[in-house]
Peer 1: 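Once you've had a glance at the structure underneath, I'll fire off some questions.
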Amino acid sequence: MGPLRTAERHRAEAAAWVAAVRTCLVKVAVRENRYGRVRGGARERLRHVVPLGEVFSGRRRRHLADRALCETPGRAKPLALDEDPIDAPATCQRCLAYVSQIRTAVAA
């Protein structure tokens, strides 16, 4: 993948992240998966959205604190995420889909 296409992809990821966070009602962080995936011939670490407290989406889907929004609470083996949040846009599409839907447990 050429540098222009990479720059375009990064701009698109940043725009999607800004749009998602604009509608988010709770505090979230972005944490990278410790294991990468191959994208365009290069290994890349997927960045997930992590709520800082327990939140809900939809009618009753629960998202645990410090776990990626794309994970289910009963997942046997949680994703291996870095401990420290990063200052970069999230790249997990499933996490981005939940960002605008989450709310605190008090509002549930």
Side-chain angles (χ1 to χ4, degrees):
M1 184 177 291
L4 287 177
R5 290 189 62 133
T6 302
E8 289 173 21
R9 182 171 48 89
H10 288 300
R11 276 194 297 275
E13 289 170 352
W17 175 239
V18 167
V21 171
R22 185 175 294 136
T23 60
C24 187
L25 301 175
V26 298
K27 291 189 179 203
V28 295
V30 177
R31 292 176 34 197
E32 282 187 317
N33 195 348
R34 289 187 189 135
Y35 305 107
R37 65 180 178 170
V38 176
R39 183 176 184 181
R43 186 157 291 286
E44 177 184 51
R45 292 168 42 149
L46 197 61
R47 296 184 298 265
H48 295 273
V49 180
V50 177
L52 301 183
E54 186 174 316
V55 296
F56 290 85
S57 66
R59 294 190 119 205
R60 59 174 61 124
R61 172 147 182 184
R62 189 172 75 159
H63 303 274
L64 300 176
D66 296 324
R67 300 262 304 261
L69 288 178
C70 63
E71 290 187 78
T72 58
R75 183 178 176 146
K77 187 175 180 184
L79 290 174
L81 300 176
D82 284 341
E83 294 295 320
D84 297 323
I86 61 170
D87 186 24
T91 55
C92 175
Q93 295 302 309
R94 288 194 64 212
C95 284
L96 287 171
Y98 281 113
V99 171
S100 65
Q101 301 173 20
I102 58 175
R103 63 192 181 285
T104 61
V106 175

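Numbering of residues begins at 1 and proceeds along the displayed sequence.
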Peer 1: Would you say V30 and P85 make side-chain contact, with heavy atoms under 4.5 Å?
Peer 2: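 No, their side chains stay 4.5 Å or more apart.
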Peer 1: What's the separation between atom CZ in R62 and atom OG1 in T72, rounded to the nearest 0.5 Å?
Peer 2: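 It comes to 10.5 Å.
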Peer 1: H63 side chain to L69 main-chain N or O, any donor-acceptor pair under 3.5 Å?
Peer 2: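 Yes, because the side chain of H63 sits within donor-acceptor range (under 3.5 Å) of the backbone of L69.
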Peer 1: Show your reasoning for whether salt bridge (Lys or Arg N to Asp or Glu O under 4.0 Å) applies to R94 and E71.
Peer 2: CA-CA 9 Å; R94 288 194 64 212; E71 290 187 78; over 6 Å; no
Peer 1: Under 4.5 Å between side-chain heavy atoms, counting indirect links through other Ile/Leu/Val/Met/Phe/Trp/Tyr residues: same cluster for I102 and L64 or not?
Peer 2: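 No.
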Peer 1: Output yes when a side-chain donor or acceptor of R47 lies under 3.5 Å from a complementary backbone atom of P89, and no otherwise.
Peer 2: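 Checked: pair present.
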Peer 1: R22 side chain to W17 main-chain N or O, any donor-acceptor pair under 3.5 Å?
Peer 2: no
Peer 1: Rounded to the nearest 0.5 Å, what's the gap from CZ on R31 to SG on C92? Could you check?
Peer 2: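 Going from CZ on R31 over to SG on C92, the span is 13.5 Å.
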Peer 1: What is the minimum heavy-atom distance between A29 and L52, and which atoms define it?
Peer 2: CB-CD2, 4.0 Å
Peer 1: Is there a donor-acceptor contact under 3.5 Å from the side chain of Q101 to the main chain of Y98?
Peer 2: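 Looks like no, no N/O pair under 3.5 Å.
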Peer 1: Out of curiosity, does I86 fall in the hydrophobic cluster containing V49 (side-chain heavy atoms, cut-off under 4.5 Å, transitive links)?
Peer 2: yes
Peer 1: Grab the two heavy atoms, one from C70 and one from H48, that are nearest each other, plus how far apart they are.
Peer 2: SG-ND1, 3.6 Å
Peer 1: From R5 CZ over to H10 NE2, what is the distance, rounded to the nearest 0.5 angstrom?
Peer 2: 12.5 Å
Peer 1: Which atom names give the shortest non-hydrogen contact between V50 and R67, and what distance separates them?
Peer 2: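 Minimum heavy-atom separation between V50 and R67: CG1-N, 3.6 Å.
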Peer 1: Say you draw a straight line from CG of L46 to CG of N33; how long is it, rounded to the nearest 0.5 Å?
Peer 2: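 It comes to 6.5 Å.
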Peer 1: Which atom pair, heavy atoms only, marks the closest approach of A68 to C95?
Peer 2: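 In this case the closest contact between A68 and C95 is CB-SG, 4.1 Å.
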Peer 1: Got a list of side-chain donor-acceptor pairs under 3.5 Å for residues 76-84, not counting sequence neighbours?
Peer 2:
from: D82; atom 1: OD1; to: R45; atom 2: NH2; distance (Å): 3.3
from: D82; atom 1: OD2; to: R45; atom 2: NH2; distance (Å): 2.2

